[in-house]
There are 2 protein chains.
Amino acid sequence: MLSHKAKYALKALLYLAEQDENHISRTIEIADGANIPKKFLEQILLDLKRGRFVSSKQGKFGGYYLIKSKNDITLAEIHRLFDGAIALLPCASLNFYEPCSDCKTESECSLRQGLMLIRDKTLKAMEGITIASLVNK
Amino acid sequence: MLSHKAKYALKALLYLAEQDENHISRTIEIADGANIPKKFLEQILLDLKRGRFVSSKQGKFGGYYLIKSKNDITLAEIHRLFDGAIALLPCASLNFYEPCSDCKTESECSLRQGLMLIRDKTLKAMEGITIASLVNK
DNA sequence: CTAATTCCTAGTAAATCGATAGAATTAATA
DNA sequence: TATTAATTCTATCGATTTACTAGGAATTAG
C-alpha cells in the first residue's frame with residue numbers, strides 16, 4: 001500500500017503537470033487544488049525537490065514547478081522515494097536489499113525466488129505508469 | 001512489503017507442505033524448523049486456522065497440519081489474510097475497497113485508474129505463486 | 001521595509017508491529 | 001483418574017512509524 005505521503009506526492013505532481021508551462025504553483029494553490037494538508041504538503045514538495053522531480057523559486061511570488069518530463073516520472077520512482085522497496089521483502093529488493101536474519105542459507109530460501117519474480121512483474125508495471133499517462137485521462 | 005507475520009506464515013506453510021502426509025507438526029517443531037519466534041508463531045497458526053489453511057489437533061500429540069492443497073494456497077491469499085489489500089490504495093482494491101476521503105469525484109481520479117491496472121497485474125502474478133510452486137525448488 | 005513565500009526543525013497523538021506472558025482448555029495415556 | 005503435553009485465548013508491552021501540526025528562519029519582489 002502507498003503511504004499518504006506517496007499518494008499526495010503523486011497528486012501534487014499531477015497537479016503540476018496540468019498547469020501551463022512556465023507557471024509556478026504556490027504550495028497553498030496545490031494544497032487547495034489537490035486537497036492535501038498544506039503543512040504536510042510542504043514537506044512532500046521538499047522531498048520531491050531533493051529527488052529532483054520539481055524545483056522551486058523562493059520568496060515572494062515563489063513556488064514549485066516540474067523539472068522532470070511528465071513522461072519520465074514513474075510510479076515506481078515515487079514509490080521508492082517515499083515508501084522504499086517495491087519488492088515484498090528486503091531480501092528480494094534491488095534498491096533496498098538486505099539479507100533476512102531468519103533465513104539460514106539465502107540460496108535455499110525458496111520464498112525469495114518467488115518474491116523476485118513478483119518484484120520483476122510489479123516493477124515493470126509500475127514503470128509503465130507515468131505522470132503523463134495519468135494526466136491524459 | 002510483507003509484514004513479518006505474513007513472511008512467517010509463508011515459511012510455516014512451506015514447512016508443513018514439506019512434511020509427510022498425515023504428519024502433525026507441533027508449534028515448536030515448526031518454530032525451530034523455520035526459525036520463527038515460537039509465541040509469535042502461535043498467533044500466526046491460529047490466524048491460518050481461522051483462514052482455513054491449516055487445522056489443528058489439540059492436547060497431547062496435537063499440532064498443525066495443512067487442510068488446503070499446496071497447489072491452492074497462493075501468495076495473494078496469504079498477503080490478504082495478514083497484510084490486507086494488494087492494491088496500492090484502498091480505492092483501487094477489490095477486497096478492501098474504501099473511497100478516498102480526499103478525492104473530490106472518484107470517477108475523475110486519474111490516479112485510481114492507474115492503480116487498478118497495477119493491481120490487476122500484481123494480483124495475477126501473486127496468484128501464480130503457490131506453496132507448491134515454492135516447495136518444488 | 002514589508003509582505004509573501006519557501007525552507008527547516010521539532011514535536012505529537014495515534015496507530016501499528018513484533019513479540020511476550022500467563023492462564024485456560026483439551027486430549028492421550030499410564 | 002491424575003499427569004502431562006499440547007493448543008487456545010486474552011492481555012499487554014515497548015518500539016517504531018505515520019500523519020500531521022507548530023513555529024520560525026531565510027529568501028525575494030516590489
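What you see is a predicted model; the values in this text were computed from it and never measured. Order of the sequence lines fixes the chain letters, A, B, ..., with proteins taken first and strands second; residue numbering starts at 1 for each chain.
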*Asks:* Quick one, which residues of residues 52-69 of chain A touch DNA chain C with a heavy atom under 4.0 Å?
*Replies:* A:S56, A:K57, A:Q58, A:G59, A:K60, A:G62, A:G63, A:Y64
*Asks:* Roughly how many Å is it from CZ in A:F40 to P in D:dT17, rounded to a whole number?
*Replies:* 15 Å
*Asks:* How about A:L45 and A:S56: do any of their side-chain heavy atoms sit closer than 4.5 Å?
*Replies:*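 A side-chain contact is absent here, since even the closest heavy-atom pair is not under 4.5 Å.
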*Asks:* Is there a side-chain contact between B:H4 and the phosphate of C:dA19, meaning an N or O under 4.0 Å from OP1 or OP2?
*Replies:* yes
*Asks:* Just the rounded figure in Å: distance from P of C:dT16 to NZ of B:K5.
*Replies:* 12 Å
*Asks:* Nearest-nucleotide wise, let me know which of A:S3 and B:I28 is further upstream toward the 5' end of DNA chain D.
*Replies:*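 On the 5' side of the pair lies B:I28.
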*Asks:* Take the protein atom CG of A:L46 and the nucleotide atom C1' of C:dT5, then report the distance between them rounded to whole Å.
*Replies:* 12 Å
*Asks:* Got B:V54 and B:L66 here, is their nearest side-chain heavy-atom distance under 4.5 Å?
*Replies:*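 Side chain of B:V54 against side chain of B:L66, heavy atoms only: contact under 4.5 Å found.
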*Asks:* Looking only at N and O atoms, is any donor in the side chain of B:K39 or the base of C:dG18 less than 3.5 Å from an acceptor on the other one?
*Replies:*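 No pair found.
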*Asks:* Checking the side chain of B:K70 only, and the main-chain atoms of B:V135 only, is there a donor and an acceptor separated by less than 3.5 Å?
*Replies:* no
*Asks:* With sequence neighbours left out, write down each residue that passes side chain to side chain contact (heavy atoms under 4.5 Å, CB included) with B:L81, or none if nothing qualifies.
*Replies:*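 Expected list: B:L48, B:F53.
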*Asks:* Looking at every strand, decide which applies to B:K49 at a 4.0 Å heavy-atom threshold: base, sugar-phosphate, or nothing.
*Replies:*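 If one applies the 4.0 Å heavy-atom cut-off, B:K49 turns out to touch the sugar-phosphate alone, with no base involved.
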*Asks:* Mind calculating the distance between CG (A:L41) and P (D:dT21) to the nearest angstrom?
*Replies:*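 Those two atoms, CG and P, are 12 Å apart.
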*Asks:* At under 4.0 Å, does any side-chain N or O of B:T27 touch on OP1 or OP2 of D:dT7?
*Replies:*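 Checking B:T27 against D:dT7: at least one side-chain N or O falls below 4.0 Å of OP1 or OP2.
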*Asks:* Rounded to the nearest Å, what distance is computed from the CD1 atom of residue A:I44 to the C1' atom of nucleotide C:dC7?
*Replies:*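 Rounded to the whole Å, the gap is 15 Å.
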*Asks:* Is the distance from OP1 or OP2 of C:dG18 to the nearest side-chain N or O of B:Y8 less than 4.0 Å?
*Replies:*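 Checking C:dG18 against B:Y8, no side-chain N or O comes under 4.0 Å of OP1 or OP2.
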*Asks:* Would a 4.5 Å heavy-atom cut-off, applied to side chains only, mark B:I131 and B:D72 as touching?
*Replies:*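 Contact flag for B:I131/B:D72 side chains = no.
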*Asks:* Check step by step if salt bridge (charged side-chain N to carboxylate O under 4.0 Å, His left out) holds for B:E77 and B:R80.
*Replies:* CA-CA 5 Å; B:E77 289 175 305; B:R80 282 209 192 95; over 6 Å; no
*Asks:* Send over the distance from A:E42 CD to D:dA26 P, rounded to a whole Å.
*Replies:* 16 Å
*Asks:* What about B:Q43, does its side chain sit under 3.5 Å from the base of C:dT20 through a donor-acceptor pair?
*Replies:*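 Donor-acceptor pair under 3.5 Å: yes.
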*Asks:* Please report the distance, rounded to the nearest Å, between CD1 in B:I24 and P in C:dA27.
*Replies:*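 In whole Å, C:dA27 P lies 12 Å from B:I24 CD1.
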*Asks:* Calculate the interatomic distance between B:L48 atom CG and D:dT8 atom C1'; express it in whole Å.
*Replies:* 15 Å
*Asks:* Answer with base, sugar-phosphate or nothing: what part of the nucleic acid does B:F82 contact at a heavy-atom distance below 4.0 Å?
*Replies:* nothing
*Asks:* Set out, in order, the CA-CA distance, both residues' side-chain angles and the distance that settles side-chain hydrogen bond (donor to acceptor under 3.5 Å, both in side chains) for B:Q19 and B:Y65, then state yes or no.
*Replies:* CA-CA 9 Å; B:Q19 306 312 306; B:Y65 52 95; over 6 Å; no
